[in-house]
Visitor: 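My questions will all concern the structure given below.
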Amino acid sequence: MAGIRESGGRGEGRKNGCRGEICGFDMVNVTAIENTEEASFFESFEAAHSLHDLTSSIAKKLGVKAPPVRIDRQAKYGALSRGDGAIYLRFPHAGYCEKIWDHAAGSIVVTEAGGVVTDAAGNPLDFSKGKYLDLYKGIVATNQKLMPAVFKAIQESIDESSSSH
């Protein structure tokens, strides 16, 4: 059975290839969508891994019409880097610490495909501080053009969520 092999390295770009047969790699890029209403977004499949209510609020503020694509593991980063979706949102429940191995490789392939991966405040993910990420609220990945609107929607949704508790 053939599958997809993801490849990327700092400064090398992001490539896609076949698994299980001999074939080459093709360069791929994140989506070029600029209109948030045309965007689709990924979130964790398991509700225990992410605050689906918060991501739903963010998507609503962005005017996203498509339902969320719920996907886990590194597959979400591969799909985002190929342009199969436009935004990845992950907001873990209070007290959960993200582990670097769940995001390091995916962050590289998205970045090399022209995307941006940060915490919810726009800080780059720092994989140098041990096995856990020290981040603000959650993880966001998208293209450069959508990021400002996504950050605005995130902050509005977090502020509303905080004021209702």
Side-chain angles (χ1 to χ4, degrees), residues 3-17 19-20 25 27-31 39-59 62 68-144 146-162 165:
I4 296 173
R5 185 172 48 187
E6 314 285 343
S7 174
R10 295 217 185 270
E12 296 178 11
R14 163 69 177 82
K15 301 170 189 146
N16 230 17
R19 188 180 84 191
F25 283 97
M27 297 297 287
V28 295
N29 294 294
V30 296
T31 183
S40 61
F41 75 98
F42 298 120
E43 66 181 354
S44 294
F45 180 80
E46 294 288 335
H49 296 169
S50 192
L51 299 169
H52 287 171
D53 290 347
L54 180 59
T55 56
S56 177
S57 172
I58 295 164
L62 290 169
V69 176
R70 293 193 170 141
I71 186 171
D72 276 326
R73 313 233 187 258
Q74 295 290 324
K76 59 193 161 269
Y77 286 110
L80 189 72
S81 70
R82 289 190 305 272
D84 293 344
I87 304 165
Y88 167 50
L89 302 170
R90 181 173 172 110
F91 292 88
H93 295 272
Y96 182 79
C97 295
E98 295 284 0
K99 295 164 192 74
I100 63 168
W101 53 82
D102 288 334
H103 302 282
S107 177
I108 291 171
V109 296
V110 168
T111 301
E112 289 300 313
V116 183
V117 183
T118 70
D119 71 8
N123 303 308
L125 302 184
D126 184 351
F127 298 106
S128 70
K129 297 185 178 198
K131 64 182 181 179
Y132 298 108
L133 286 171
D134 178 22
L135 50 84
Y136 173 78
K137 301 280 186 195
I139 296 174
V140 182
T142 189
N143 67 34
Q144 304 254 352
L146 290 178
M147 196 59 97
V150 172
F151 282 140
K152 182 175 187 267
I154 288 169
Q155 197 55 55
E156 289 173 1
S157 295
I158 288 173
D159 290 347
E160 285 176 9
S161 176
S162 296
H165 289 112

Visitor: So which heavy atom on Val140 is nearest to which on Val150, and how close?
Guide: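 Looking at all heavy atoms of both residues, the shortest contact is CG1-CG1, 3.7 Å.
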Visitor: What heavy-atom pair brings Ile71 and Phe42 nearest, and what distance separates the two atoms?
Guide: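 Shortest heavy-atom separation between Ile71 and Phe42 comes out as CG2-CD2, 3.8 Å.
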Visitor: Please tell me if the side chains of Val117 and Leu125 come closer than 4.5 Å, counting only heavy atoms from C-beta onward.
Guide: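 When only atoms from C-beta onward are counted, Leu125 and Val117 do touch, with a gap below 4.5 Å.
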Visitor: Output the distance between atom CD1 (Ile100) and atom CG (Asp126), rounded to the nearest 0.5 Å.
Guide: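 Result: 9.5 Å between the selected atoms.
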Visitor: Heavy atoms, side chains only, cut-off 4.5 Å: are Tyr132 and Lys99 in contact?
Guide: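 Yes, their side chains come closer than 4.5 Å.
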Visitor: Phe91 and Ala120: which non-hydrogen atoms are nearest, and at how many Å?
Guide: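 The pair with the smallest heavy-atom distance is CE2-CB, 3.7 Å.
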Visitor: Looking at every non-hydrogen atom in both residues, tell me the closest pair between Trp101 and Gln74 and how far apart they are.
Guide: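 Trp101 and Gln74 have their closest heavy atoms at O-NE2, 3.4 Å.
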Visitor: Any sub-3.5 Å donor-acceptor pair from Ser81's side-chain atoms to Gly78's backbone N or O?
Guide: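 Yes.
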Visitor: Do Val110 and Tyr88 come close enough that some side-chain heavy atom pair is under 4.5 Å?
Guide: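 Not in contact.
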Visitor: Between the side chain of Thr142 and the main-chain N/O of Ala86, is any donor-acceptor distance below 3.5 Å?
Guide: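 Yes, Thr142 side chain to Ala86 backbone: donor-acceptor pair under 3.5 Å.
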Visitor: Are the side chain of Thr55 and the backbone N or O of His52 linked by a donor-acceptor pair below 3.5 Å?
Guide: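 At least one qualifying donor-acceptor pair exists.
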Visitor: Minimum heavy-atom separation for Glu98 to Pro92, with atom names?
Guide: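 In terms of heavy atoms, the two residues are closest at OE2-CG, 3.5 Å.
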Visitor: I'd like to know whether CG of Asp53 has more than 12 heavy-atom contacts from other residues, nucleotides or ligands below 6.0 angstrom.
Guide: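 No.
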Visitor: When you measure from the side chain of Asn29 to the backbone of Gly114, do you find a donor-acceptor pair of N or O atoms at a distance under 3.5 Å?
Guide: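 Checking the backbone N and O of Gly114 against the side chain of Asn29, no donor-acceptor pair under 3.5 Å is found.
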Visitor: In the structure I gave you, are the side-chain heavy atoms of Leu62 and Leu146 within less than 4.5 Å of one another anywhere?
Guide: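 No - every pair of side-chain heavy atoms lies 4.5 Å or more apart.
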Visitor: Could you report the tightest heavy-atom contact between Ser157 and Leu54, atom names first, then the distance?
Guide: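 Where Ser157 meets Leu54 most closely, the heavy atoms are CB-CD1, 3.7 Å.
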Visitor: How about CZ on Phe45, more than 12 heavy atoms from neighbouring residues, nucleotides or ligands closer than 6.0 Å, or not?
Guide: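 No.
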Visitor: Any luck finding a side-chain donor-acceptor pair between Glu43 and Ser50 under 3.5 Å?
Guide: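 Note: Glu43 and Ser50 side chains miss the donor-acceptor criterion.
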Visitor: With sequence neighbours excluded, tell me which residues meet ring-ring contact (aromatic ring centres under 6.0 Å, His included) with Phe41.
Guide: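 For Phe41, no residue satisfies ring-ring contact (aromatic ring centres under 6.0 Å, His included) once neighbours in sequence are set aside.
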Visitor: Under 4.5 Å between any side-chain heavy atoms of Ile154 and Lys137, yes or no?
Guide: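 Contact flag for Ile154/Lys137 side chains = no.
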Visitor: Applying the side-chain contact (heavy atoms from CB on, under 4.5 Å) test to Leu89, which of Leu51, Ile139, Ile58 qualifies?
Guide: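 The passing option is Ile58.
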